[in-house]
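Order of the sequence lines sets the chain letters (A, B, ...), proteins ahead of strands, with each chain counted from 1.
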Amino acid sequence: MTDLSRALPAAIVGIQLAVVFGVANLYPFSTFEMYGGTRLTSASRIGVRVGDEMREVAEFSRWRCQAPPDPSPQACPREWPMQHIEAIDREAVAWVNAGGDPASDGVPVEIVRRIWRWETNDGRASVSDCLLARCEAAP
Amino acid sequence: MNAWTSVWDDGDRRVLAWAIALVLAWDLVSLTLELGHGPIGPPHPGAPAWLIAIGEQRPLSLAIALLTIAMLPVWIRRRDRLWPATVVLLGAGLLVEAAAAIGPGPWRARFFAGAMIGGDLLGRLWARGAGVNPRARDRAGEAGAVAALSASYLAAATSKMVGSGTAWADGTTLAAVALCHAPFGDASLANWIAGAPAVTRGFAIATVVIQAAGGLYWVGRASRIFVGLALVSFHVGVAAVTSIGYWQPVVLLVVFSLPWPRWISAPRVDHDHDLGRDRDRATVTAARGWRQLAGAGALLIVGAWALPWRSYTSLHHRPRNFGSDGTSVAVTPVEVLGPLRRGDDLGDGWRIAAIETMPGRAAIVIAHAQHGRARLWLGPGREDVRPSPFDGEGFSLGYDRASDPGVISVPALAIGERISNAAPIDWEAVVGGTQTAP
């Protein structure tokens, strides 16, 4: 077997790390901090509240809303700031806006941004909902 | 023993190259399909027009994807050459960055194959300089590729520790990420772990430990197998809890980490006859290989730090203001801004709940048990900013129209007093020095 020193891969690890922390995230180099760049104390997602139950917007395909839901976190000024994933929020609202009319099959639902917040040291989150739109929806 | 060994020492390393190529082709196909759906949000605020054009013009992105995929077999045959790897990385990089520019940021599962191609290239650069035989060049390429994969996980662990410190281990960040991604429903794993702080803490600690162990992935056969399997388990666990599937590195880890040539005959080769033939020569000329690697490494590192990449890339994956006017503003949560610190008591029951910097200004979020939350906009004082009763010498302190200035006057005046009495804030460093009217 050809003697290849461990120094070679060790050196390449060093080069890659030095480049990664220089550019942060530029293909194909990344710090891969994956939300670890700062401590998060809140989370949020857009969903559908039917009575006391939370459901995914994808469980409904037809919608009639009093006003289009706003994916912007500023739509919830009392709760801002909260962690949110822009792409997921936009996808949820785009799904609602693209749906057909529920005709007479619709049931009353609320599209809400559900917010979890960790403000105590016991590790448990408080939960609140911010109303984005009242709608009728059907599967 | 300082000699590097691999689970693929009896194997045909073209299989490894094909694995990387297939993962990259998968990335390019999925990227092209994704770009075909159009922008999913406002573009990156600093993205150049040509990059957005690549993302938005389907024929252009399709042409780049097809050309890059067509180059992959060329790269496999000519991995010792610089240009095929460069063309592949350039094509894939353009598409990944174009998708990141017209969306909320890059999907970083797509970075692994490219990183391994880069690592392979660096290993081969050393081997060419050292003048070793083609088999040994393949070994050096493999060593470089696994080193790049290893460095990716070490960077992930390091950035978490640097960014969140030991606070990562309290588990709230992990629970927040899980809940932001996972489906609603009491049965979901994300909901379960979010309600079990001890479990979340355990997962958070395990995440950093396994990713840090990834830094040993390159060392030898045993570390490759054990660390590789741990990393695969980690990715599967993350997918189960958060629905975030990093399947590209999983495929690469499964192929690279296990001794497939020992288990099945197809990827096995008998190359004892030509290995070792140039051992002495490699020893003699290794210095030239090191010089070449050092030169390439220095070029990459200087390019990474001397050019202002971070001012662009740091705006990816940040919480953004994406209001109805279509603007997309990166927001960076910070603990301290001048004399203000998150959690500070401002009097009358108000405290600082969050501090966020963004281009042109900072948001100070204040909270009160009865009055709820309000937002104050702090920035360098300028004449074109709507005046506020809380402005002071050299700074502006505005408030949202929804806020009642009478209700927030105590905390706003407290913030103003602190700013006035403290050393001047370096606005250029904090928010870029410009000002946007609230």
> What part of A:Ala94 gets closer than 4.5 Å to chain B, counting heavy atoms only: side chain, backbone, both or neither?
Replying inline: neither
> Side chain, backbone, both or neither: which part of A:Ser30 has a non-hydrogen atom closer than 4.5 Å to chain B?
Replying inline: both
>> Could you check whether any side-chain heavy atom of B:Leu179 comes within less than 4.5 Å of a side-chain heavy atom of A:Arg45, counting everything from C-beta outward?
In response: no
> Between A:Ala18 and chain B, which part of the residue has a heavy atom less than 4.5 Å away: side chain, backbone, both or neither?
Replying inline: both
> Listed by chain and number, what are the salt bridge (charged side-chain N to carboxylate O under 4.0 Å, His left out) partners of A:Arg64, not counting sequence neighbours?
Replying inline: A:Asp101, A:Glu136
> Will you find, in the side chains of B:Asn2 and A:Ser5, an N or O donor that is under 3.5 Å from an N or O acceptor?
Replying inline: yes
> Quick one: salt bridge (charged side-chain N to carboxylate O under 4.0 Å, His left out) partners of B:Arg201, sequence neighbours excluded?
Replying inline: none
>> Distance check, rounded to the nearest 0.5 Å: A:Ile12 atom CD1 versus B:Asp120 atom CG?
In response: 9.0 Å
> Which bit of A:Ile88 is near chain B, if near means a heavy-atom gap under 4.5 Å: side chain, backbone, both or neither?
Replying inline: side chain
>> Using side-chain heavy atoms (C-beta onward) and a distance below 4.5 Å, is A:Val19 in contact with B:Trp309?
In response: no
> Heavy-atom distance under 4.5 Å between the side chains of A:Val13 and B:Trp218, does that happen here?
Replying inline: yes
> If we only count heavy atoms from C-beta on, is the B:Ser159 to A:Phe21 side-chain gap below 4.5 Å?
Replying inline: yes
>> Using only non-hydrogen atoms and a strict under-4.5 angstrom cutoff, which residues of residues 49-61 of chain A touch chain B?
In response: A:Met54, A:Arg55, A:Glu56
> Got B:Met116 and A:Pro28 here, is their nearest side-chain heavy-atom distance under 4.5 Å?
Replying inline: no
>> Among B:Leu174, B:Val302, B:Leu293, which residue has the highest count of heavy-atom pairs closer than 4.5 Å to chain A?
In response: B:Leu293
> How would you list, by chain and number, every residue that makes a ring pair (Phe, Tyr, Trp, His ring centres under 6.0 Å) with A:Tyr27, sequence neighbours excluded?
Replying inline: B:Phe111
> Quick one: does A:Leu8's side chain get under 4.5 Å of B:Trp290's, heavy atoms only?
Replying inline: yes
